[in-house]
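To start, the structure itself, in structure tokens.
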Amino acid sequence: MPRAILTGLLWSLLTGLLLALVVGLLLYFTPLSEGLLPLLASIILALAVFGGGLQAARLAAARGFAQGMGVGLSFFLVILALGWTNAPLLLAPAAKKLGLCLLAGAMGGVAGMAGR
């Protein structure tokens with residue numbers, strides 16, 4: 001993998017962890033409902049991958065769309081590997097996460113090129 005994609009992946013993972021910590025603290029210390037958790041998880045995922053795609057495109061200074069998609073795909077694969085259990089993979093939720101990762105990464109990559 002190119003250096004830009006790996007840097008974007010690291011950025012995405014760290015951003016996702018930080019956002020998850022903030023949301024966890026908000027849910028613990030405020031009266032927010034835990035029913036919002038699936039929505040908040042999707043928002044965290046999208047923001048983290050968007051930021052990683054943005055950083056990858058800025059670092060590579062070329063092919064922002066492809067850089068962002070690479071970050072999105074690699075982030076999805078890392079999350080899939082970290083969350084793997086012996087249970088069968090459910091296709092619909094996995095496809096939704098993959099689509100969200102690819103879309104957010106591509107948007108971040110395009111924004112990274114537009115912001116140069």
Side-chain angles (χ1 to χ4, degrees):
M1 276 189 203
R3 186 176 140 227
I5 292 177
L6 288 175
T7 302
L9 174 62
L10 181 61
W11 180 271
S12 293
L13 292 171
L14 292 175
T15 302
L17 267 165
L18 179 67
L19 289 173
L21 178 67
V22 169
V23 167
L25 289 172
L26 280 174
L27 286 172
Y28 186 75
F29 289 112
T30 65
L32 286 175
S33 169
E34 291 172 357
L36 293 173
L37 203 51
L39 174 65
L40 292 173
S42 293
I43 291 170
I44 289 170
L45 179 78
L47 288 175
V49 175
F50 180 87
L54 187 76
Q55 292 301 322
R58 286 184 179 165
L59 183 63
R63 299 186 331 263
F65 184 79
Q67 299 293 336
M69 293 278 279
V71 170
L73 180 62
S74 59
F75 187 88
F76 172 75
L77 292 174
V78 167
I79 294 303
L80 185 68
L82 289 175
W84 188 262
T85 62
N86 286 335
L89 181 67
L90 297 176
L91 217 45
K96 178 185 170 193
K97 277 188 184 162
L98 176 61
L100 185 59
C101 285
L102 291 176
L103 180 64
M107 288 174 59
V110 170
M113 295 310 298
R116 291 192 63 80

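Quick note: numbers below take in every heavy atom, side chains included, and nothing from hydrogens, waters or symmetry partners. Just so you know, these numbers come straight off a predicted model, no measurement behind them.
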Let me have the donor-acceptor pairs involving side chains of residues 80-107, under 3.5 Å, with sequence neighbours excluded, atom names and distances please.
from	atom 1	to	atom 2	distance (Å)
Thr85	OG1	Ala87	N	3.3

Would you name the heavy atoms of [X] and [Y] that are closest together and state the gap between them?
X	Y	answer
Val110	Phe65	CG2-CD1, 4.0 Å
Leu54	Ala111	CD1-C, 3.7 Å
Ser12	Gly52	OG-CA, 3.2 Å

Tell me every residue that passes side chain to side chain contact (heavy atoms under 4.5 Å, CB included) with [X], counting only those two or more places apart in sequence or in another chain.
X	answer
Leu10	Leu14
Ala60	Ala4, Gln67
Leu77	Leu73
Thr30	Leu26, Leu32

(message) Count I, L, V, M, F, W, Y as connected when their side-chain heavy atoms are under 4.5 Å apart, and connections chain through other members. Are Phe75 and Met69 then in the same cluster?
(response)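 Hydrophobic grouping puts Phe75 apart from Met69.
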Identify all side-chain donor-acceptor contacts of residues 33-50 below 3.5 Å with residues at least two apart in sequence or on another chain.
from	atom 1	to	atom 2	distance (Å)
Ser33	OG	Gly35	N	3.0
Ser42	OG	Pro38	O	3.3

(request) Report the hydrophobic cluster partners of Leu21, with the cluster defined as I, L, V, M, F, W, Y residues connected by side-chain heavy atoms closer than 4.5 angstrom, directly or transitively. (result)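 Leu25, Tyr28, Phe29, all in the cluster of Leu21.
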